Amino acid sequence: MTIYARITGTGSYLPEKILSNADMEKIVDTTDQWIRERTGIEQRHIAAEDEFTSDLATAAAKNAMDMAGKTSNDIDLIIVATTTPDQIFPSTACLVQQKLDIHGCTAFDVQAVCTGFVYALGIADNFIKAGTAKCALVIGAETLSRILDWNDRTTCVLFGDGAGAAIVEASDEPGILSSHLHADGSYGDLLNVPYGVSNGLNHVLSGEAHITMKGNEVFKMAVNTLGRIVDETLEANNMSKKDINWLVPHQANIRIINATAKKLSMSTDHVVVTVNKHGNTSAASVPLALDTAVRDGRIKKGETVMLEAFGGGFTWGSALLKM
Ligand code: ACO
């Protein structure tokens, strides 16, 4: 019998503190109007000083486990997609495992920046199809506020903190129909944090390790690349645009989202948009949007959903789901 992987629960968590565009006007030379018109963002959530990526991830995970009716004993794989891990090690997945009182299962992090959750979902799909796991906890979680230059108006208005999660279970019914994961490291200079542990630790320690981005060039690449991955995903499944009920895109910029929706000839009321509420939360943004539309009843069982993301690396990917 063929084993499939299905999403049986979703969850998300946003930190309590909200920074509105009006608040951003007090921090850098910007306006609410510029931010809304260029990005669609109205506000972002910021983690408290004593709140870490693993805390956000654990809160989202608990919500997903509740929806799927799973306890800690059921989970046999934990994958956390994050660019902002709590520590160099243990992995954030191990920290989440400990917070959920889970012992012994496979647990590791995935680093694919904004495409991280789609990568993690693709990996979980393969673990389950291979029979190596039966019930995976897949999380995207970030505290991007910690790596922003709060004096740089071209980046600090764009990002926020948050987490989203999914329970992915073995099933005899198709769930994840396909996943498509790509990267091209030759574009690393267009979007990065140029320092880390091995290269420029002194900059990290002095608080100068920030997101840098050539926004305009990233924008054009994102629109073109996401257009191509829509075609790749449809072709791999012998489907046409009209077979897709919902688009759940990476939440970076409403103009990029609208361009992908147009490529799918999809009316905006079948595109899940949450970027206005939390800005770009990198690996958390796709599962945050998915959870929002599952919980408010828009996405229903049996419907076909396309997830897609694009981010630093460059990395990009998609997954087609039967809910
Ligand atoms: N407030 C006011 N003005 C601003 C701000 C701001 N916050 N930021 C930039 N500007 C100014 C610029 O200085 C520039 O002024 P100038 O014309 O006098 O030089 C003007 O606005 C236009 O700047 P552009 O960069 O050309 O603006 P653009 O329309 O490209 O929008 C944006 C910028 C929103 C960053 C867009 O390029 C974008 O969304 N890029 C893609 C982001 C993305 O998807 N990233 C991928 C995922 S992120 C990840 O992987 C971590």
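In each ligand, atom 1 is the first atom listed, and ligand 1 is the first ligand listed. The shown structure was predicted, so the numbers you read here are calculated from the model rather than taken from an experiment.
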Distance-only donor-acceptor check, side chains [X] and [Y], under 3.5 Å:
X: His250; Y: Ser285; value: yes
X: Thr281; Y: Glu142; value: no
X: Ser318; Y: Thr233; value: yes
X: Gln111; Y: Thr83; value: yes
X: Thr304; Y: Asp243; value: no
X: Thr106; Y: Asp76; value: no
X: Ser206; Y: Glu208; value: yes

From Ala112, Gly312, Cys114 - option closest to atom 51 (C) of ligand 1 by heavy atom: Cys114
Proximity winner for atom 32 (C) of ligand 1, if only heavy atoms of Ile35, Asp32, Asn253, Ile211 are counted: Asn253
May I ask you to identify, for [X], whether its side chain, its backbone, both or neither come under 4.0 Å of ligand 1 on a heavy-atom basis?
X: Asn280; result: side chain
X: Leu191; result: side chain
X: Thr30; result: both
X: Thr154; result: both
X: Ala252; result: side chain
X: Val157; result: side chain

Ligand 1 atoms in contact with [X] (distance to a heavy atom under 4.0 Å):
X: Thr39; answer: 34 (C)
X: Val113; answer: 49 (C), 50 (O), 51 (C)
X: Met213; answer: 35 (C), 42 (C), 45 (N)
X: Leu158; answer: 35 (C)
X: Phe310; answer: 47 (C)
X: Gly311; answer: 50 (O)

According to a 4.5 Å side-chain heavy-atom criterion applied to Ile, Leu, Val, Met, Phe, Trp and Tyr, with indirect links allowed, do [X] and [Y] form part of one hydrophobic cluster?
X: Leu100; Y: Met67; result: no
X: Val273; Y: Leu288; result: no
X: Leu320; Y: Leu121; result: no

Identify the closest protein heavy atom to [atom]: which residue and atom is it, and at what distance?
atom: atom 40 (N) of ligand 1; result: Gly215 O, 3.0 Å
atom: atom 31 (O) of ligand 1; result: Arg255 NH2, 3.5 Å
atom: atom 44 (O) of ligand 1; result: Ile256 CD1, 3.3 Å
atom: atom 10 (N) of ligand 1; result: Trp34 CZ2, 3.4 Å
atom: atom 43 (C) of ligand 1; result: Val218 CG1, 3.8 Å
atom: atom 30 (O) of ligand 1; result: Asn216 ND2, 3.3 Å
atom: atom 7 (N) of ligand 1; result: Arg153 O, 2.9 Å
atom: atom 27 (O) of ligand 1; result: Arg38 NH1, 3.1 Å

Does this structure show an ion pair linking [X] with [Y], if we count only N-O contacts that are shorter than 4.0 Å?
X: Lys99; Y: Asp55; value: yes
X: Asp161; Y: Arg146; value: no
X: Arg153; Y: Asp29; value: yes

Test item: Lys300 and Met323 side chains (from C-beta on) under 4.5 Å apart, heavy atoms: no
Met24 touching ligand 1 at heavy-atom level, < 4.0 angstrom: no
Ligand 1 contacted by Leu144 (non-hydrogen, < 4.0 Å): no
Given Thr71, Asp74, Ile167, the one that forms side chain to side chain contact (heavy atoms under 4.5 Å, CB included) with Met65: Ile167
Atom 14 (C) of ligand 1 touched by protein heavy atom at under 4.0 Å: no
Atom 19 (O) of ligand 1 protein-contacted (non-hydrogen atom, under 4.0 angstrom): no
